[in-house]
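Notes follow once the structure below has been shown.
Just follow the structure's listing: the first ligand is 1, and inside any ligand the first atom is 1. Note that the structure is a prediction, hence the values are computed from the model and not measured.
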Amino acid sequence: MKLYNLKNKNEETSFSEAVKLGLGQQQGLFFPKELPEISKNTLSELLEMDFIKRSSKLLSMIIGDEIEDFELHSQVNKAFSCTTPVLVPIQENIACLELFHGPTLAFKDFGARFMAQVIDFLNRDKNEIITILTATSGDTGAAVAHAFYKMKNVRVIILYPKGKISELQEKLFCTLGENITTISINGSFDECQNLVKQAFQDNDLKKTIGLNSANSINISRLLAQICYYFEAYSLLTEKQKKNLVISIPCGNFGNITAGLLAQSLGLPIKTFIASTNSNDTIPRFLKTGKWSPHDTISTLSNAMDISQPNNWPRVKELFKRKFWSLKKLKSGSVSDLLTKESLKDLQQQGYISEPHAAVAYHLLRKKLKNDEFGLFLGTAHPSKFKNTVEEILNINLSLPLELSKRTKLPILSYNIYPIFSKLRKFLLKK
Ligand SMILES: *Cc1c(COP(=O)(O)O)cnc(C)c1O
């Protein structure tokens with residue numbers, strides 16, 4: 001598989017290089033050079049397979065011979081066997097695709113776990129320890145920590161702003177120990193990100209500790225996410241497959257990029273709805289053609305509080321390459337007030353959801369036509385937003401067993417001030 005840098009099309013890399021580099025020169029995103037198309041026959045064969053087998057076949061079609069099939073199968077198996085998607089019918093013409101049955105109860109497990117397997121594989125013969133350094137404002141850190149947990153040649157260091165992530169989030173990834181080190185920073189998320197940036201600019205440090213990034217724009221994450229769209233499709237009846245509309249709660253637009261890539265491969269999805277909260281840069285852009293991000297607003301669906309979605313250049317590139325018009329992409333934004341109403345609406349139908357999925361559900365209801373079948377993506381388990389959901393729906397939510405066990409463990413984090421020399425010392429010492 002060859003990829004090119006969207007900011008400098010002359011920079012080309014292999015899949016392995018792109019995974020290791022994360023970003024290209026000038027912080028450009030990598031994008032696949034070839035976009036394979038799956039024939040109808042192959043598609044029917046794929047749809048007959050189980051999730052793991054189909055996913056490894058799909059990834060092998062995309063990635064090519066850089067990684068042998070049996071290796072890829074083993075990576076997919078380790079990454080996905082604990083995260084199988086679940087389709088839950090809500091109404092006759094609407095269902096939720098729950099993507100939150102992995103170890104950190106959010107769809108980010110798919111991407112993070114596959115990326116970790118690939119990085120581990122690429123590093124396997126070198127016998128060097130590599131260091132994954134990343135900053136998190138909550139959820140990504142947990143997915144990354146669990147994905148690399150107990151890997152022999154990888155140590156993971158995660159920075160997060162002290163007191164600015166929820167107690168539950170902190171328990172989820174700061175209680176693991178082993179090869180996972182967590183550091184709370186006396187500062188903001190931006191300060192954490194700055195420390196990470198400084199570390200990556202420090203070439204000596206980079207070499208000495210084998211620094212590697214694991215951020216959300218890594219191409220391996222995106223490819224992994226293509227797989228659950230095929231799984232969703234395989235779970236539908238023939239009638240439901242006919243006019244399929246999928247509504248996606250969007251933040252950085254990685255999830256929807258993967259969906260559009262699945263469509264470009266030949267998965268017959270009729271329409272995608274890009275659903276955002278009040279951070280509506282994209283819906284406004286699609287309506288007016290003007291790019292005018294506002295300041296980021298805090299909402300109930302806080303994983304989507306992003307005003308400059310970093311995967312958007314990939315969406316634009318895909319549409320250009322396929323000669324698709326951006327008009328075929330539907331979108332909308334949903335206020336907190338309507339998000340609450342939609343959560344209550346779902347509750348009345350016997351389904352407890354959470355704010356991110358509720359945003360997608362709202363727009364699906366609004367835009368779905370009579371002859372269409374609609375799916376909205378459940379990106380997180382309701383108990384990840386326990387307080388919000390309990391308050392809006394006036395219920396008590398119990399935590400899944402794994403998580404409730406974890407909340408009883410002690411936090412193992414170190415704590416430092418946001419001063420690079422302190423972090424540097426720490427990285428070299430351990
Ligand atoms: C990250 C996240 C999103 C947004 O996904 P993108 O791929 O960034 O668009 C939506 N919901 C939840 C719960 C998330 O954690």
Which protein residues have a heavy atom under 4.0 Å from ligand 1?
Phe107, Lys108, Asp139, Pro249, Cys250, Gly251, Asn252, Phe253, Gly254, Asn255, Ala303, Met304, His356, Thr379, Ala380
With Lys20, which residues qualify under salt bridge (charged side-chain N to carboxylate O under 4.0 Å, His left out), at least two apart?
Glu17
Is Asp280 salt-bridged to Arg284, going by a charged N under 4.0 Å from an acidic O?
yes
Once you measure the plane-to-plane angle for Trp312 and Trp291, does it fall in the parallel (<30°), tilted (30-60°) or perpendicular (>60°) bin?
parallel
So, Phe376 versus His362, ring centres under 6.0 angstrom or not?
no
For the aromatic rings, using the six-membered ring if either is Trp, is the centroid distance between Phe51 and Phe230 under 6.0 Å?
no
For the pair Phe80 and Phe114, name the ring-plane relationship: parallel under 30°, tilted 30 to 60°, perpendicular over 60°.
tilted
